[in-house]
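This report concerns only the one structure given below.
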Amino acid sequence: MPDPLSIDPKRRSSRGIIARLRGNFLAGLVIIAPIGLTLWLIWTVVGWVDSWVWPFVPNYYHPEPLINRLLGRTPGNEITVNVRGVGVVIFLIFTIIVGWLGKGLIGRSFLGISERFVDRMPVVRSVYNAAKQIAETVFSQRETSFDKACLVEYPRNGIWAIAFVSTDAKGEINAKLVDGEVIVTVFLPTTPNPTSGFLLFLPRRDIIELDMSVEDAAKLVISAGLVYPNNKAVAELPEAAE
């Protein structure tokens with residue numbers, strides 16, 4: 001076996017340079033990847049909104065014809081401009097105006113008449129009501145977030161999963177479950193997509209509430225256990241529990 005001290009110093013130096021370059025590349029990748037992904041996502045969403053808004057705007061008022069008219073460009077000598085984001089601005093202004101009108105007396109009356117008309121259309125009624133319920137849940141300004149993160153035994157005893165406490169069970173569900181027990185509504189998300197999951201009704205004594213925030217618990221679910229609150233390692237959790 002060759003003596004490590006007998007290895008050529010130049011060879012050891014080249015290995016050190018390659019290791020440093022690899023480390024720097026990985027460090028740069030960790031920095032660039034989230035930034036690049038975020039910028040790409042913003043660019044894609046802005047382009048999607050533009051492509052949805054511009055067909056409703058007359059071609060005379062599109063950015064490219066406007067710029068060519070301002071510059072005095074004649075047909076055949078026109079310039080091509082890709083102006084992203086103008087459609088987003090138009091969409092925001094239009095949405096704000098619709099919201100302002102909808103909150104007024106006339107807007108509420110018109111909306112009520114329109115909804116009564118939609119309720120008479122079998123297929124359209126189902127689609128509209130589902131879309132309205134989703135929109136009200138996602139974009140409502142009222143407090144609709146989960147109360148706490150918790151642990152529940154799922155899918156069997158001895159196996160624990162992270163879930164979110166929504167509220168105490170109400171109505172028929174609460175009345176028909178075990179008397180004398182406080183039943184809570186719990187949402188158990190799936191990994192890595194926390195928007196899908198299972199709705200569970202459990203006795204409060206069967207859940208273990210966590211000190212971590214709902215946001216930290218969601219990060220833990222999305223990352224499949226790789227991102228812990230406050231950068232705590234898995235080995236630190238038993239110590240914290242003691």
Side-chain angles (χ1 to χ4, degrees), residues 30 33-34 37-38 41-42 45 95 99 102-103 108 111-112 115-116 118-119 122-242:
V30 170
L37 182 62
T38 302
L41 184 61
I42 293 174
V45 171
T95 305
K103 290 166 65 177
R108 290 199 304 270
L111 186 60
E115 288 185 344
R116 285 195 294 272
V118 170
D119 284 339
V123 178
V124 178
R125 174 181 59 197
S126 301
V127 175
Y128 174 79
N129 290 334
K132 180 181 178 182
Q133 186 174 7
I134 293 173
E136 287 179 346
T137 302
V138 174
F139 300 110
S140 176
Q141 296 180 358
R142 294 171 296 180
E143 186 61 36
T144 57
S145 59
F146 295 111
D147 291 336
K148 295 278 294 184
C150 68
L151 289 173
V152 297
E153 287 188 291
Y154 186 89
R156 63 172 176 82
N157 292 340
I159 298 180
W160 294 89
I162 288 182
F164 302 104
V165 180
S166 176
T167 182
D168 291 344
K170 298 180 176 64
E172 181 182 1
I173 293 177
N174 184 58
K176 292 192 175 181
L177 290 176
V178 183
D179 293 335
E181 295 253 20
V182 178
I183 305 298
V184 294
T185 305
V186 173
F187 175 70
L188 193 151
T190 56
T191 301
N193 179 18
T195 59
S196 64
F198 305 95
L199 178 64
L200 307 176
F201 297 96
L202 300 173
R204 185 172 289 277
R205 58 181 172 81
D206 288 344
I207 68 173
I208 300 177
E209 293 188 357
L210 298 174
D211 293 330
M212 69 175 70
S213 65
V214 173
E215 291 77 13
D216 287 337
K219 292 177 185 177
L220 186 58
V221 172
I222 295 171
S223 66
L226 297 178
V227 178
Y228 273 80
N230 301 323
N231 297 323
K232 292 181 180 179
V234 180
E236 295 178 358
L237 294 181
E239 298 178 3
E242 297 175 1

Set of residues satisfying side chain to side chain donor-acceptor pair (under 3.5 Å) with respect to [X], sequence neighbours excluded:
X: Thr167; answer: Lys170
X: Ser196; answer: Thr190
X: Arg205; answer: Glu181
X: Asn193; answer: Thr195

Taking the side chain as C-beta and beyond, is there a heavy-atom pair between [X] and [Y] under 4.5 Å?
X: Phe164; Y: Ser166; answer: no
X: Glu153; Y: Trp160; answer: yes
X: Ile173; Y: Ile183; answer: no
X: Leu199; Y: Thr185; answer: yes
X: Ile207; Y: Val165; answer: yes

Practice prompt. State which residues pass side-chain contact (heavy atoms from CB on, under 4.5 Å) with Val118; sequence neighbours excluded, sorted by chain then number.
Written response: Val124, Tyr128
Practice prompt. State the CD1-SG distance between Ile208 and Cys150, to the nearest 0.5 angstrom.
Written response: 9.0 Å
Worksheet item: In Å, rounded to the nearest 0.5 Å, how long is the span from CD1 of Ile162 to CG of Leu188?
Response: 9.5 Å
Discussion item. Looking at Arg204 and Glu209, is there a salt bridge between them, counting it only when a charged N and a carboxylate O are closer than 4.0 Å?
Written reply: yes
Do side-chain atoms of [X] reach the backbone of [Y] as a donor and acceptor pair under 3.5 angstrom?
X: Asn129; Y: Arg125; value: yes
X: Lys148; Y: Leu210; value: yes
X: Thr191; Y: Ala224; value: no

Worksheet, complete the sentence: Applied to residues 195-216, the ring pair (Phe, Tyr, Trp, His ring centres under 6.0 Å) test, sequence neighbours excluded, yields Tyr154-Phe198
Practice prompt. Work out which heavy atom in Ala163 is nearest to a heavy atom in Pro189; give both atom names and the distance.
Written response: CA-CD, 4.0 Å
